[in-house]
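Reviewing the structure listed below.
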Amino acid sequence: MYYFDYASTTKPSTQVIDLYTKLLNDVFEHPDGNNKAGKLMLEAQKMITSSLQLNSPYEVIFTSGGTEANNLAIIGYAKNFTSSKHFITSKYEHSSADSCFKHLEALGHSVTYLNVTTDGQVDYDQLRQAITDNTVMISIMAVNNEIGTINCPQTIKQIIKDSGRDIVYMSDAVQAVGKVNYDYNHLDIITVSGHKLYAPKAIGAVIYRKPLKLVNTIYGGAQQEGIRPGTMCPCLSAVLAYAIKNEMVNLQATIEHTQLLTEQFVTYIENHPKAKLNVVPMASTVSVSFKTKAQSESLITVLNNMDIYASTRSACSKKLNVPSRTLSSIGLSIHEIDRSVRFSFSRNTDVAEINYLCSKLDHILEIY
């Protein structure tokens with residue numbers, strides 16, 4: 001199997017599986033805070049803030065994944081306000097964030113959706129102009145999940161400071177943690193997802209700066225300060241923390257390795273007459289539009305038959321049957337969008353696999 005879809009999901013590492021299995025056997029009590037299970041969750045929270053090198057107090061709330069984390073971060077913060085407020089986001093956020101802002105609009109709040117430049121970053125000039133006295137949150141993803149471009153936290157935080165207003169800066173960092181150098185101290189709210197980090201699915205977290213407050217979006221008991229009721233699995237919390245720590249410890253080696261692979265693949269694409277980079281990637285995700293009669297879904301099927309796995313877009317949005325918001329936002333035509341494929345690499349990808357991919361693409365593009 002030749003896997004080039006790490007932006008969609010990762011296989012849990014052997015170390016994570018071993019730790020999870022051990023903890024499932026050893027720690028099965030209800031995590032009430034005073035027993036082994038409760039202490040394990042507290043240790044996991046501390047490990048996460050330490051691994052992200054956060055230099056001021058942050059709270060960690062565990063969720064079922066990145067989607068719930070984004071919902072809790074955005075809607076949970078908006079619920080602090082009884083009157084209509086103004087929110088700023090971008091046109092190419094993950095569907096789990098974009099849908100939250102559509103929901104806030106339905107509740108009477110106003111939302112500005114920032115344009116994206118052709119280099120794949122949000123329009124910082126438009127951001128400066130969009131801030132009003134009523135703005136309470138700016139939510140811009142750290143790394144785009146479809147094209148691998150990075151939004152600069154220092155720039156965005158400086159824009160907020162220059163405005164002189166008290167605005168919360170939230171970022172979906174699902175594609176950033178363990179993949180790119182990023183200073184999370186500029187962020188007030190950070191969301192992460194375990195299955196992007198070689199941990200299991202169904203675990204994520206919201207990390208937010210004290211004394212900021214979030215309001216629960218689901219209802220139940222008083223677990224996790226009542227912000228996220230429901231009995232969490234302390235073993236999942238622990239392996240998420242372990243995975244974050246492991247990826248951050250090995251971050252520089254990962255960056256150097258994936259950068260080499262990305263450059264190799266980008267060079268191939270730039271020199272192929274029937275392929276075009278949709279944008280110059282800043283991380284280990286490469287979006288390519290092919291000059292073929294066949295559309296991307298057909299190309300993916302052919303690749304799958306060769307035991308090669310990539311994707312057309314975010315796994316969470318491709319079933320919507322509408323053009324990619326990300327690719328539309330950077331100015332691609334419908335024709336180009338319909339022929340675009342996303343390839344994403346990891347520390348588990350090697351040079352031989354890239355060579356195999358390129359050789360098979362040569363064969364496919366000769367036919368199509």
Side-chain angles (χ1 to χ4, degrees), residues 1-13 16 65-67 92 94-96 120 141-149 172-180 192-202 204 243 247 254-255 257-266 268-269 275 277-279 281-290 294-320 324-327 337-361 364-365:
M1 175 175 166
Y2 296 85
Y3 188 72
F4 305 105
D5 201 16
Y6 286 96
S8 289
T9 195
T10 60
K11 179 181 178 180
S13 68
V16 164
T67 291
Y92 71 171
H94 188 272
S95 57
S96 61
M141 67 196 322
V143 177
N144 183 267
N145 54 306
E146 289 191 43
I147 56 178
T149 51
D172 172 350
V174 165
Q175 297 288 345
V177 175
K179 296 183 180 182
V180 299
V192 298
S193 176
H195 77 99
K196 311 290 187 179
L197 296 161
Y198 311 94
K201 296 172 179 62
E247 295 312 305
T254 296
I255 290 173
H257 179 72
T258 55
Q259 185 174 5
L260 178 68
L261 300 175
T262 302
E263 289 174 354
Q264 178 187 352
F265 186 62
V266 164
Y268 166 79
I269 294 299
L277 285 178
N278 289 331
V279 66
M282 300 175 185
S284 54
T285 295
V286 183
S287 179
V288 181
S289 58
F290 292 103
Q295 295 190 1
S296 54
E297 292 295 345
S298 297
L299 295 174
I300 288 293
T301 299
V302 175
L303 287 169
N304 289 352
N305 289 337
M306 296 177 172
D307 208 23
I308 296 171
Y309 297 89
S311 61
T312 56
R313 64 166 84 179
S314 164
C316 297
S317 63
K318 66 182 180 180
K319 291 184 178 181
L320 297 177
S324 161
R325 285 183 295 104
T326 293
L327 299 183
I337 292 171
D338 285 344
R339 286 154 182 81
S340 290
V341 177
R342 178 184 71 176
F343 302 89
S344 47
F345 314 127
S346 85
R347 56 179 168 78
N348 292 332
T349 313
D350 61 36
V351 171
E353 290 176 312
I354 300 295
N355 289 335
Y356 181 82
L357 170 63
C358 294
S359 68
K360 294 304 179 183
L361 284 175
I364 293 170
L365 294 174

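Below, all heavy atoms of this structure are taken into account, side chains as well, without hydrogens, waters or symmetry copies.
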Thr349 side chain to Phe345 main-chain N or O, any donor-acceptor pair under 3.5 Å?
-> no

If you look at every heavy atom in Ser289 and Ser340, which pair is closest and at what distance?
-> CB-OG, 3.5 Å

Is it true that the side chains of Thr9 and Lys196 contain a donor and an acceptor less than 3.5 Å apart?
-> no

Would you sort out whether Thr285 and Phe343 count as a side-chain contact (heavy atoms from CB on, under 4.5 Å), showing the intermediate values?
-> CA-CA 6 Å; Thr285 295; Phe343 302 89; over 6 Å; no

Check for a donor-acceptor pair, side chain of Ser296 on one end and backbone N or O of Thr312 on the other, with a separation under 3.5 Å.
-> no

Okay, side chain of Ser287, backbone of Ile147: is any donor-acceptor separation there less than 3.5 Å?
-> no

N/O donor-acceptor pair under 3.5 Å between Tyr268 side chain and Glu263 backbone | no

Please confirm whether the backbone N or O of Tyr309 pairs with a side-chain atom of Asp5, one donor and one acceptor, at under 3.5 Å?
-> no

Kindly confirm or rule out a cation-pi arrangement of Arg347 over Tyr198, judged by NZ or CZ under 6.0 Å from the six-membered ring centre and within 45° of its axis?
-> yes

Thr10 side-chain N/O to His195 backbone N/O, donor-acceptor pair under 3.5 Å = yes

Steps toward side chain to side chain donor-acceptor pair (under 3.5 Å) verdict (Ser95, Arg325) = CA-CA 9 Å; Ser95 57; Arg325 285 183 295 104; 5.4 Å; no

Taking it one step at a time, do Asn145 and Tyr92 satisfy side-chain contact (heavy atoms from CB on, under 4.5 Å)?
-> CA-CA 9 Å; Asn145 54 306; Tyr92 71 171; over 6 Å; no

Just checking, is any N or O donor in the side chain of Gln264 or Asn355 under 3.5 Å from an acceptor N or O on the other one?
-> yes

Can the ring centres of Tyr356 and Tyr2 be said to be less than 6.0 Å apart?
-> yes

With side-chain contact (heavy atoms from CB on, under 4.5 Å) as the test, would you mind laying out the steps for Val143 and Thr149 before giving the verdict?
-> CA-CA 6 Å; Val143 177; Thr149 51; over 6 Å; no

Check whether any side-chain heavy atom of Asn278 sits under 4.5 Å from a side-chain heavy atom of Val288, and report yes or no.
-> no

Scanning both residues in full, the closest heavy-atom pair of Ile308 with Leu357 reads CG2-CD1, 3.9 Å

Verify whether one side chain among Glu247 and Thr254 offers a donor that lies under 3.5 Å from an acceptor in the other.
-> no

Residues Val279 and Gly120: closest non-hydrogen pair is CG2-N, 3.9 Å

Considering all heavy atoms, the nearest Ala173-Ala142 contact | CA-CB, 4.1 Å

Counting only N and O atoms by type, is there a donor-acceptor contact under 3.5 Å from the side chain of Gln175 to the main-chain atoms of Ala7?
-> yes

Could you please spell out the steps behind the side-chain contact (heavy atoms from CB on, under 4.5 Å) verdict for Ser8 and Arg342?
-> CA-CA 10 Å; Ser8 289; Arg342 178 184 71 176; 2.6 Å; yes

Examine distances only and state if a side-chain atom of Ser298 and a backbone atom of Ala294 form a donor-acceptor pair shorter than 3.5 Å.
-> no

So which heavy atom on Pro281 is nearest to which on Val266, and how close?
-> CG-CG2, 3.9 Å

